[in-house]
There are 2 protein chains.
Amino acid sequence: MNKPATGIQARHREETRERILAAAERVFAEYGYEGASFGRIAQEVNLPKSNVVYYFETKKKLYRLVVEDIFNVWRQAADNIQPDSDPEQALGEYIDTKLELARVRPHGSKVWANEIIQRAPIVQDYLENELRDWTNDRISVIDGWIDRGMIRPINARNLLYAIWATTQHYADFTHQIQTLNDDKELSETQWSETKRAVKDILINGISKG
Amino acid sequence: MNKPATGIQARHREETRERILAAAERVFAEYGYEGASFGRIAQEVNLPKSNVVYYFETKKKLYRLVVEDIFNVWRQAADNIQPDSDPEQALGEYIDTKLELARVRPHGSKVWANEIIQRAPIVQDYLENELRDWTNDRISVIDGWIDRGMIRPINARNLLYAIWATTQHYADFTHQIQTLNDDKELSETQWSETKRAVKDILINGISKG
DNA sequence: AAATTTCTTGTACGTTCGGTCAATCTTTTT
DNA sequence: AAAAAGATTGACCGAACGTACAAGAAATTT
């Protein structure tokens with residue numbers, strides 16, 4: 001798909017694109033779609049505005065790439081939710097991975113949240129296809145576990161939503177959590193404790209006996 | 001605090017202010033702070049832009065009123081979390097109420113989410129005072145329950161976050177949920193099932209035995 | 001090394017927006 | 001009913017934004 005990046009120019013192009021995309025994720029997260037501007041993104045990567053436009057043409061196209069990226073990262077995080085997995089372990093790992101993503105890539109999550117809150121004006125087609133199919137697959141797996149008596153008969157869809165909501169909360173509401181933590185970032189220890197506690201609460205809700 | 005609203009003028013003023021506030025909540029939710037404009041809000045209530053400006057002076061002031069309003073509604077929803085309440089019932093009612101608010105007033109929740117995602121540029125002082133005190137009070141109550149052996153020793157703060165995240169998810173991510181529900185609004189039955197399932201998952205995580 | 005393609009950058013244009021202001025109309029107070 | 005206060009509205013302004021464009025610099029291809 002991508003060119004192998006021979007030559008000085010091609011290599012430099014990829015590098016610049018990546019830098020712009022990273023900055024765009026931050027700026028879209030912090031200011032919202034309308035609030036973000038080419039000017040501010042350009043400033044963050046120390047390039048003239050017109051150069052950023054040259055690489056991505058329109059704000060909409062740049063934004064879409066940012067949104068699709070975070071979705072694909074999340075999709076991978078659920079790879080281990082398979083019919084033959086151990087439910088508690090698979091979901092535990094899924095929660096761990098999503099919380100780790102909330103920690104190291106909070107901006108992508110915020111952009112996604114913003115897009116959904118505003119009724120997906122840009123990526124609605126993505127929701128109707130990729131997201132819908134992917135979600136239904138995961139629900140089938142969980143229902144399969146229930147059929148085989150491996151977990152309590154909970155509502156698979158609402159469980160999935162609870163996991164999404166809780167894990168993404170730590171990305172989207174970072175600022176609130178930080179304020180309630182006396183304006184300090186969560187420490188290493190607090191993150192571990194959070195992972196343990198979230199699994200404790202959610203997994204306890206599904207296990208038998 | 002408010003004038004008793006005698007006379008035609010005063011009554012009409014209150015009425016107009018309310019209509020504008022309701023429209024502003026919708027518009028801020030749907031377009032974000034930057035994306036929302038006096039023009040669009042004015043259009044929704046069929047008034048000239050300058051009249052809306054006359055009532056609220058600046059966009060910031062109007063926005064702040066909207067944000068404070070939803071916070072106060074949420075605060076009330078937790079009134080029954082008291083030391084002498086039955087934990088499972090009190091938290092169950094809290095979840096029910098918050099889900100009902102997610103259903104009937106999704107816009108306020110979205111505005112709050114947006115504000116927090118963007119690092120509370122307008123209401124940071126609110127977080128530092130009202131929200132922080134209120135949260136610590138609730139955590140004390142839950143820890144009290146744990147001390148008296150009424151629930152499992154879970155992490156009270158993370159439990160609170162899980163409840164917020166999960167309930168508000170049904171407001172903030174309405175559009176995604178609807179898309180995954182074949183583009184249909186959740187039915188009466190589905191809302192009941194959701195309330196049951198969310199309580200099932202979260203409350204099961206705290207109960208003893 | 002000449003020709004071609006790709007990248008860089010400053011300028012400029014049309015639009016939208018928040019907010020001001022003054023003129024007019026309506027309600028309340030005296 | 002005269003005077004004062006409050007409400008309504010259209011016109012207007014300066015700033016910011018998305019993006020089109022042209023002209024030159026650099027890299028690549030021939």
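Quick note on labels: first sequence line is chain A, next is B, and so on, each numbered from 1.
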Side chains of residues 46-57 of chain B: which donor-acceptor partners sit under 3.5 Å, not counting sequence neighbours?
none

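- Applying the salt bridge (Lys or Arg N to Asp or Glu O under 4.0 Å) definition to pairs two or more places apart or across chains, those involving residues 106-119 of chain A are A:Arg119-B:Glu30.
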So which protein nitrogen or oxygen atoms get under 3.5 Å of nucleotides 22-24 of chain C's nitrogens or oxygens?
none

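- At least one side-chain nitrogen or oxygen of B:Arg13 sits closer than 4.0 Å to the OP1 or OP2 atom of D:dA7.
- Residues that satisfy the side chain to side chain donor-acceptor pair (under 3.5 Å) test with A:Thr166, not counting sequence neighbours, are absent from this structure.
- Every residue meeting the side-chain contact (heavy atoms from CB on, under 4.5 Å) condition with A:Arg40, not counting sequence neighbours, appears here in chain and number order: A:Val27, A:Tyr31, A:Ser37.
- Contacts between residues 18-49 of chain A and DNA chain C, counted as heavy-atom distances below 4.0 Å, involve A:Pro48.
- Within residues 51-63 of chain B, the residues that have a heavy atom under 4.0 Å from DNA chain D are, in order of number, B:Asn51, B:Tyr54, B:Tyr55.
- For B:Glu130, the salt bridge (charged side-chain N to carboxylate O under 4.0 Å, His left out) test picks out B:Arg75, with sequence neighbours left out.
- In this structure A:Glu188 satisfies the salt bridge (charged side-chain N to carboxylate O under 4.0 Å, His left out) test together with A:Arg103, sequence neighbours excluded.
- Between A:Val198 and B:Tyr161, the closest side-chain pair of non-hydrogen atoms is not below 4.5 Å.
- Remark: B:Arg138 engages no residue in a side chain to side chain donor-acceptor pair (under 3.5 Å) (not counting sequence neighbours).
- Applying the 4.0 Å criterion to OP1 and OP2 of D:dT28, one finds that A:His12 has every side-chain N and O outside that range.
- Under the ring-ring contact (aromatic ring centres under 6.0 Å, His included) criterion, B:Phe173 pairs with B:His169, not counting sequence neighbours.
- Evaluation of the salt bridge (Lys or Arg N to Asp or Glu O under 4.0 Å) test over residues 79-99 of chain A, restricted to residues two or more places apart or in two chains, returns A:Asp96-A:Lys199.
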